[in-house]
*Asks:* 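Quick one: structure below, then a few questions.
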Number of protein chains: 2
Amino acid sequence: MNDLTTRQSEIFEFIKKEIEFNGYPPTRSEIAKVFGFKSPNAAEDHLKALKKKGVLNIVSGASRGISIVKEDLGIPVIGLVSAGGPILAQENIEKRIPSTQNILSHGVDFYLRVKGDSMIEAGILENDLIAVNKKAQIKKGSIVIARINDEVTVKTLKSISSDLVVLQPENSNYSNIEVNPKKENLSFEGTCVGLLRDFC
Amino acid sequence: MNDLTTRQSEIFEFIKKEIEFNGYPPTRSEIAKVFGFKSPNAAEDHLKALKKKGVLNIVSGASRGISIVKEDLGIPVIGLVSAGGPILAQENIEKRIPSTQNILSHGVDFYLRVKGDSMIEAGILENDLIAVNKKAQIKKGSIVIARINDEVTVKTLKSISSDLVVLQPENSNYSNIEVNPKKENLSFEGTCVGLLRDFC
DNA sequence: TTAAATACTGTATATAATTACAGTTATGAA
DNA sequence: TTCATAACTGTAATTATATACAGTATTTAA
């Protein structure tokens, strides 16, 4: 229900930019003028389409009564991960942090609250929030969020091959975790791309 | 030039809330209705006053042509601190991070980029950004940003009295710093209230 | 004390803006 | 083929909106 046509995207982007730049939305005539429409009704038609597709709200009768539908709930913060189910399951979401501006440079899919002290030598302390990107390439040396037999853990990926994956805690009191992905259930939830610590 | 009267503040706050809530600014009539004015001209007068005081932009002729003047440049990120001068001097500002939403719970006056490894055992690594609050009470045990004879340093405040201040690095390779505030120039730039790390 | 600013009422009007209705043309799916 | 959707032109009417002008009363700064 949210695949806009090329033209609709152009109109939608223009409206967003206008709101950003002027502080208020454009009128039908203003849209028409910018796109070279000879009738404000062309803009009206586009607005109706964008409303129908759920990306705009239109308040009838109000001048400039256009607003952007924001489905952006914020970036979820994952506390304890319940066994089974996906990490992003509703019951795992502790709260959400507005994603209004990307303070961290990579895309952040979710924040994970750190349990335990296995990563303190990498400067990752208990209760820190690590910013996780789900799609960033999993590679040697990066800090990964791994799931081993339904247990979620944050470790440095030391080596990876088809029958041996070595996960290294950054705490000399702990030993490396060696997993054979053919025998055990191993998956990667993502890569650590940042960290937030909130002193309170 | 920016001291609004009580009434003007009410109007100004209302306009901000309307923009936040509806996505577009109110009309004169809408303002008048909410405040019980019997004439839209009362709203017009207020808008003119708010424009004159520099907190609003009004685009003449445009319906709802009201926008908030934003002086908010974002929270400064301080890189290297040049000797002398205040920490927030222009030349020290590396960039600014939009303060659209307070991710961290305390007020953040600026971010300071960490140099060196003196705090690694507190999970503060080189190049991390520590969030600094200038006004939070300086107390024993908190991580403070101190200035000793024009040198800025981040340490844990171990003890404080009129003739001895002990600053403790969180790295066993370093020794405590002892300062006599009567003999040396010591000031506190603020308290660490958070941390941002951006893996890149 | 005197002018300027604040905070309104009341009226009126030009124009800004929404939006319906009637069409045209092109494209892709049933 | 035929119908729905997309992307417009063109016209026009209702209503939404900005905003000027003329007042009044109160408060505040010079």
*Asks:* Working note: B/Ser159 + B/Lys140, criterion side chain to side chain donor-acceptor pair (under 3.5 Å); need CA distance, chi angles, decisive distance, verdict.
*Replies:* CA-CA 6 Å; B/Ser159 74; B/Lys140 256 200 294 188; over 6 Å; no
*Asks:* Does the side chain of A/Lys53 get closer than 4.0 angstrom to OP1 or OP2 of D/dA6 through an N or O atom?
*Replies:* yes
*Asks:* Please walk me through it: do A/Glu18 and A/Asn22 pass side chain to side chain donor-acceptor pair (under 3.5 Å)?
*Replies:* CA-CA 6 Å; A/Glu18 283 288 293; A/Asn22 293 327; 2.8 Å; yes
*Asks:* With a 4.0 Å cut-off on N to O distance, would you call A/Lys182 and A/Asp163 a salt bridge?
*Replies:* no
*Asks:* Looking at DNA chain C, which of residues 15-26 of chain A put a heavy atom within less than 4.0 Å of it?
*Replies:* none
*Asks:* Both B/Pro40 and B/Thr6 contact DNA chain C. Which one's nearest nucleotide lies toward the 5' end?
*Replies:* B/Thr6
*Asks:* Could you state the interatomic distance from CG (A/Asp198) to CG (B/Leu195), rounded to the nearest 0.5 Å?
*Replies:* 10.5 Å
*Asks:* Within this structure, what is the CZ-to-P distance between A/Phe35 and D/dA7, rounded to whole angstrom?
*Replies:* 11 Å
*Asks:* Verify whether the ring centers belonging to A/His46 and A/Phe12 lie closer than 6.0 Å.
*Replies:* no
*Asks:* Describe the nucleic acid contact of A/Arg7 in one word from base, sugar-phosphate, nothing, applying a heavy-atom distance below 4.0 Å.
*Replies:* sugar-phosphate
*Asks:* Does A/Asn41 get its side chain close enough to the base of D/dT9, under 3.5 Å, for a donor-acceptor pair?
*Replies:* yes
*Asks:* Please give, in whole Å, the distance from C/dT18 C1' to A/Glu30 CD?
*Replies:* 13 Å
*Asks:* Which whole-number value in Å describes the distance from A/Leu4 CG to D/dA7 C1'?
*Replies:* 15 Å
*Asks:* Could you give the CD-to-C1' distance, from B/Glu44 to C/dC8, as a whole number of Å?
*Replies:* 13 Å
*Asks:* Between atom OG of A/Ser29 and atom CZ of A/Phe37, what is the distance when rounded to the nearest 0.5 Å?
*Replies:* 12.0 Å
*Asks:* Output the distance between atom CD1 (A/Ile19) and atom CD1 (A/Ile66), rounded to the nearest 0.5 Å.
*Replies:* 7.0 Å
*Asks:* Counting just side-chain N and O atoms, does B/Lys48 come under 4.0 Å of either OP1 or OP2 of C/dC8?
*Replies:* no
*Asks:* If you assign B/Gly36 and A/Arg28 each to the DNA chain C nucleotide with the nearest heavy atom, which residue ends up on the more 5' nucleotide?
*Replies:* B/Gly36
*Asks:* Taking atom P of C/dA16 as reference, at what distance in whole Å does atom CD1 of A/Ile31 sit?
*Replies:* 17 Å
*Asks:* Does C/dA5 have its OP1 or OP2 closer than 4.0 Å to a side-chain nitrogen or oxygen of B/Gln8?
*Replies:* no
*Asks:* Stepwise, does the salt bridge (charged side-chain N to carboxylate O under 4.0 Å, His left out) test hold for B/Glu10 with B/Arg7?
*Replies:* CA-CA 5 Å; B/Glu10 285 171 19; B/Arg7 201 55 162 161; 2.7 Å; yes
*Asks:* To the nearest angstrom, how far is A/Leu50 atom CG from D/dC8 atom P?
*Replies:* 12 Å
*Asks:* Inspect the contact between B/Arg113 and B/Glu94 and indicate whether a charged nitrogen and a carboxylate oxygen are less than 4.0 angstrom apart.
*Replies:* yes
*Asks:* Once you build an axis from the first five pairs and another from the last five of the helix from C/dT1-D/dA30 to C/dA30-D/dT1, how far apart in angle are they, to 10 degrees?
*Replies:* 40°
*Asks:* Can you tell whether the side chains of A/Glu20 and A/Lys16 come within less than 4.0 Å, N to carboxylate O?
*Replies:* no
*Asks:* How is A/Ser39 classified with respect to the nucleic acid when contacts are heavy atoms under 4.0 Å: base, sugar-phosphate, or nothing?
*Replies:* base
*Asks:* Within this structure, what is the CD1-to-C1' distance between A/Ile58 and C/dA17, rounded to whole angstrom?
*Replies:* 13 Å
*Asks:* Could you go step by step and tell me if B/Lys17 and B/Glu13 meet the salt bridge (charged side-chain N to carboxylate O under 4.0 Å, His left out) rule?
*Replies:* CA-CA 6 Å; B/Lys17 273 181 197 158; B/Glu13 289 307 314; 5.8 Å; no
*Asks:* Nearest 0.5 Å please: distance from the CD atom of A/Glu170 over to the CD atom of A/Glu121.
*Replies:* 7.0 Å
*Asks:* Find out whether B/Thr191 and B/Val132 are in side-chain contact, i.e. whether some heavy atom of one side chain is under 4.5 Å from a heavy atom of the other.
*Replies:* no
*Asks:* Establish, with yes or no, whether the OP1 or OP2 oxygen of D/dA7 is under 4.0 angstrom from a side-chain nitrogen or oxygen of A/Thr5.
*Replies:* yes
*Asks:* How long is the line joining CG of A/Leu47 and P of C/dA17, in whole Å?
*Replies:* 14 Å
*Asks:* Taking 4.0 Å as the cut-off, does a side-chain nitrogen or oxygen of A/His46 come that near to OP1 or OP2 on D/dC8?
*Replies:* yes
*Asks:* Counting only heavy atoms and a strict 4.0 angstrom limit, can you tell me which residues of residues 59-68 of chain B come near DNA chain C?
*Replies:* B/Gly61, B/Ala62, B/Ser63
